[in-house]
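So the structure is just underneath, and the comments pick up after that.
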Amino acid sequence: MTLRLTNTLSRAKELFTPLIDRRVSIYCCGVTVYDLCHLGHARSYIVWDVLRRYLSWPGQIGGAYAVTFVQNFTDIDDKILNRAAEQGLAMEEVSERNIDAYFQDMDALNIQRADSMPRATACLDSIRALIAELEHKGAAYSADGDVYFSVMKQAGYGKLSGRDLSEQQEGASGRTSGAEDARKHHPFDFALWKGAKLGEPSFPSPWGPGRPGWHIECSAMVRQELGDTIDIHLGGADLIFPHHENEIAQSEAASGKPLARYWLHNGMVNVGGEKMSKSLGNFTTIRALLGSGVSPMTLRLFVLQAHYRKPLDFTLEGLEAAASGWKGLAGALDVGRKHQELLGWRSSPPDPASPPSEALRPLRDRFRDAMDDDLNTAVALGELFELARPLRALANRLRIGELPSEADRALESRWQLLVQLAGVLGLEPDRQQGGSGQESGGGGELPALVEGTSRAAAPAGLGDAAIEALVEQRKAAKAARDFASADRLRDQLKDQGIELVDKPGGVTVWLRG
RNA sequence: GGCGGCAUGGCCAAGUGGUAAGGCAGAGGAUUGCAAAUCCUUUACCCCCAGUUCGAAUCUGGGUGCCGCCUCCA
């Protein structure tokens with residue numbers, strides 16, 4: 001069995017075969033940079049990051065794919081203009097700030113940067129050329145400085161979203177504008193070029209000064225960066241209609257070829273059963289969450305425990321569960337590096353393309369089968385927990401000063417496989433140190449989570465000698481059966497972030513939080 | 001009104017015909033002066049009704065509830 005993906009075009013799982021053997025071209029719809037990213041964006045880019053990592057994984061049946069991943073920034077749009085006006089900034093300043101913030105947030109989440117990240121304002125030549133071509137072919141018409149795409153001229157319009165235009169309730173979302181409607185031949189026609197209103201930033205064009213419509217930039221960028229037909233097109237489920245439908249219409253009207261062979265869409269992040277979105281105001285920004293002490297890997301785990309196509313309800317309880325789960329996984333992932341010398345394990349990871357040992361192969365295969373089945377990360381994670389169990393136990397024993405046995409040393413290849421497979425999901429313990437969020441960036445108020453145990457544990461705290469002394473005092477108290485004093489000393493140390501572990505034989509070890 | 005999706009243990013979540021992964025929480029046990037930490041063990045007839053089948057959480061029909069989209073959206 002090899003990779004199968006649910007294609008929105010067919011609404012079925014299809015065997016994935018790229019256009020060119022072992023190469024995959026991917027376009028992912030990026031963000032409109034008028035504000036900070038929230039957890040909905042985080043989910044989307046986490047799951048697509050996993051898709052990309054999985055395709056690039058040499059342990060893949062048939063070997064790694066060479067992936068080309070393109071993602072855009074929409075840096076011209078009404079919302080950016082509005083934001084700029086509110087804040088007294090130039091449009092470019094608003095988008096520049098938010099692009100910086102985007103990279104900070106996504107880097108913190110260990111999301112690999114795309115190979116190419118075109119901005120709409122830097123692709124105007126391609127955009128204008130595409131519009132001109134559509135107009136020339138009769139698929140578009142201009143009206144008062146605007147240019148519209150004529151949906152009725154495009155056979156198959158609606159094929160992605162499964163819509164029959166005659167049965168749609170026009171304006172059902174309550175967001176249509178009267179002035180624009182008057183210029184359109186058909187209510188579902190959409191703007192390729194919008195003539196500039198007075199005082200707005202604009203770019204020259206054969207139709208007068210203005211700016212591109214939202215959908216056209218993606219069509220132009222795909223063509224410019226990847227060609228007429230790509231393998232995979234990604235985006236949130238909320239983009240299926242109209243955005244992706246319109247992309248298809250534009251691109252296919254121009255080229256006469258299919259725009260993308262596989263269309264993948266991720267489910268929404270919900271809050272209390274409702275979609276998290278800017279307009280509803282129920283969003284939490286990524287940096288607000290990371291700033292509250294949630295580790296990036298906890299968020300990753302939280303997202304990947306659900307299937308990417310299903311809605312995911314964001315709750316504090318769910319996040320706490322993910323934090324506990326991550327603690328265990330992280331312990332297992334760290335063990336080889338933290339105790340490398342003690343265990344006598346190699347530092348360099350084995351070649352991921354080489355097959356694991358007989359004993360580990362079933363685990364690797366189940367992981368791969370799960371991922372092949374439309375990226376079933378929930379099951380894949382289950383396998384990771386399975387792999388991690390004895391390593392976690394080992395980590396805990398080493399943590400309290402026990403020495404490894406021969407059987408423990410033999411876990412090396414298991415550890416290496418775990419590190420490798422966790423890496424396919426982008427789960428890396430050394431990335432867990434906080435996010436980028438120092439600025440108080442928007443979003444809802446979050447109660448501090450229980451998680452951040454390792455938060456700046458009093459650098460000027462107790463020295464080793466002082467701790468030893470207190471531990472000795474407690475030992476004496478215990479010997480005198482003065483348990484009240486012993487417990488007080490233990491609590492006192494705990495307040496300083498020092499954990500005491502009593503082992504059999506009256507030995508007490510202490511650990512800094 | 002149209003299109004699409006979802007409903008599994010206390011919470012989250014896999015599983016699309018053969019008798020319920022995993023995580024979190026809980027319980028019991030080991031250990032402990034007691035804890036903590038850790039280790040071991042353990043907890044479900046799958047929204048309702050009818051049907052197909054030797055057999056259904058899984059298929060069909062009906063019902064109920066919830067969600068997304070119908071030109072701002074990841």
Side-chain angles (χ1 to χ4, degrees), chain A residues 8 11 28-32 34 37-48 77-79 151 158 161-177 180-181 184 187-191 213-215 234-243 245-246 265-270 273-280 301-302 305-307 309-313 315 317-326 328-329 366 370 373 376-386 392-393 395-397 399-400 402 478 481-483 486-487 490-491 494 499-504 511:
Chain A
T8 306
R11 301 188 183 280
C28 178
C29 276
V31 287
T32 300
Y34 73 103
C37 289
H38 58 65
L39 300 179
H41 302 104
R43 179 190 197 185
S44 187
Y45 299 123
I46 285 171
V47 300
W48 303 138
D77 167 272
D78 283 340
K79 287 195 196 151
V151 292
S161 55
R163 267 155 230 265
D164 180 346
L165 287 188
S166 61
E167 281 169 12
Q168 294 303 298
Q169 227 175 62
E170 152 195 350
S173 65
R175 263 182 253 113
T176 42
S177 113
E180 199 179 59
D181 281 353
K184 292 180 181 178
F188 287 93
D189 288 354
F190 54 91
W214 175 37
H215 316 295
L234 306 172
D238 51 356
L239 299 184
I240 295 172
F241 189 91
H243 184 54
E245 197 70 71
N246 290 351
H265 292 97
N266 66 276
M268 300 293 101
V269 171
N270 289 170
E274 261 189 335
K275 179 181 162 184
M276 176 180 285
S277 73
K278 287 287 168 69
S279 43
L280 288 171
L301 189 65
F302 174 71
Q305 273 186 309
H307 187 87
R309 294 178 45 246
K310 287 198 176 176
L312 172 61
D313 216 46
T315 62
E317 294 73 21
L319 215 55
E320 276 166 1
S324 301
W326 171 244
L329 262 187
R366 286 201 297 270
D373 184 14
N376 194 335
T377 51
V379 169
L381 273 169
E383 297 305 326
L384 250 51
F385 279 105
E386 196 73 37
R392 186 169 53 177
N396 286 323
R397 275 183 276 117
R399 197 173 73 98
I400 58 170
E402 290 186 24
K478 276 173 69 176
R481 303 197 67 77
D482 178 7
F483 297 123
D487 290 351
R490 182 170 61 197
D491 291 343
K494 192 178 180 184
E499 182 190 356
L500 295 189
V501 180
D502 290 337
K503 297 203 296 180
L511 304 155

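Everything numeric in this text was worked out from a predicted model, so none of it was measured. Residue numbers start from 1 in every chain, and the chains themselves are labelled A, B, ... in the order their sequence lines are given, proteins ahead of strands.
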Under 4.0 Å, heavy atoms only, any strand: does [X] hit a base, just the sugar-phosphate, or nothing?
X: A:Ile240; value: nothing
X: A:Gly235; value: sugar-phosphate
X: A:Phe302; value: nothing
X: A:Asn396; value: sugar-phosphate
X: A:Arg490; value: base
X: A:Asp164; value: nothing
X: A:Asn246; value: nothing
X: A:Arg399; value: sugar-phosphate
X: A:Lys278; value: nothing

[N] - base-pair partner by Watson-Crick or wobble geometry, distances under 3.5 Å:
N: B:rC59; result: B:rG51
N: B:rC39; result: B:rG29
N: B:rA74; result: none
N: B:rU19; result: none
N: B:rC69; result: B:rG2

Counting side-chain heavy atoms from C-beta on, which of B:rC70, B:rA74, B:rC72 comes nearest to A:Ser44?
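So the nucleotide nearest the side chain must be B:rA74.
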
With a 3.5 Å cut-off and heavy atoms only, can you find an N or O donor on one side and an acceptor on the other between the side chain of [X] and the base of [N]?
X: A:Asp482; N: B:rG33; value: no
X: A:Ser161; N: B:rC69; value: no
X: A:Arg397; N: B:rC39; value: no

Using modelled atom types only, decide if a donor and an acceptor are shared between the side chain of A:Asn376 and the backbone of A:Val379 within a distance under 3.5 Å.
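Judged by distance alone, yes, a pair lies under 3.5 Å.
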
Please measure how far the [atom1] atom in [N] lies from the corresponding atom in [M], and state the result in whole Å.
N: B:rC46; M: B:rC59; atom1: C1'; answer: 16 Å
N: B:rA25; M: B:rG63; atom1: C1'; answer: 34 Å
N: B:rU8; M: B:rG23; atom1: C1'; answer: 15 Å

Sequence neighbours left out, what passes side-chain contact (heavy atoms from CB on, under 4.5 Å) with A:Ser324? Give chain and number order.
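Scan of A:Ser324 (side-chain contact (heavy atoms from CB on, under 4.5 Å), adjacent residues dropped) gives none.
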
Looking at side-chain heavy atoms only, is the closest gap between A:Arg43 and A:Met276 below 4.5 Å?
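Counting from C-beta outward, A:Arg43 and A:Met276 never come under 4.5 Å.
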
Looking at side-chain heavy atoms only, is the closest gap between A:Arg392 and A:Asn396 below 4.5 Å?
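In short, these two side chains touch, coming nearer than 4.5 Å.
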
How are the rings of A:His38 and A:His41 set relative to one another: parallel (under 30°), tilted (30 to 60°) or perpendicular (over 60°)?
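Geometry flag for A:His41 against A:His38: tilted rings.
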
Which letter, B, S or -, goes with each nucleotide of nucleotides 15-24 of chain B from 5' to 3', with contact meaning a protein heavy atom under 4.0 Å?
S-----BSSS

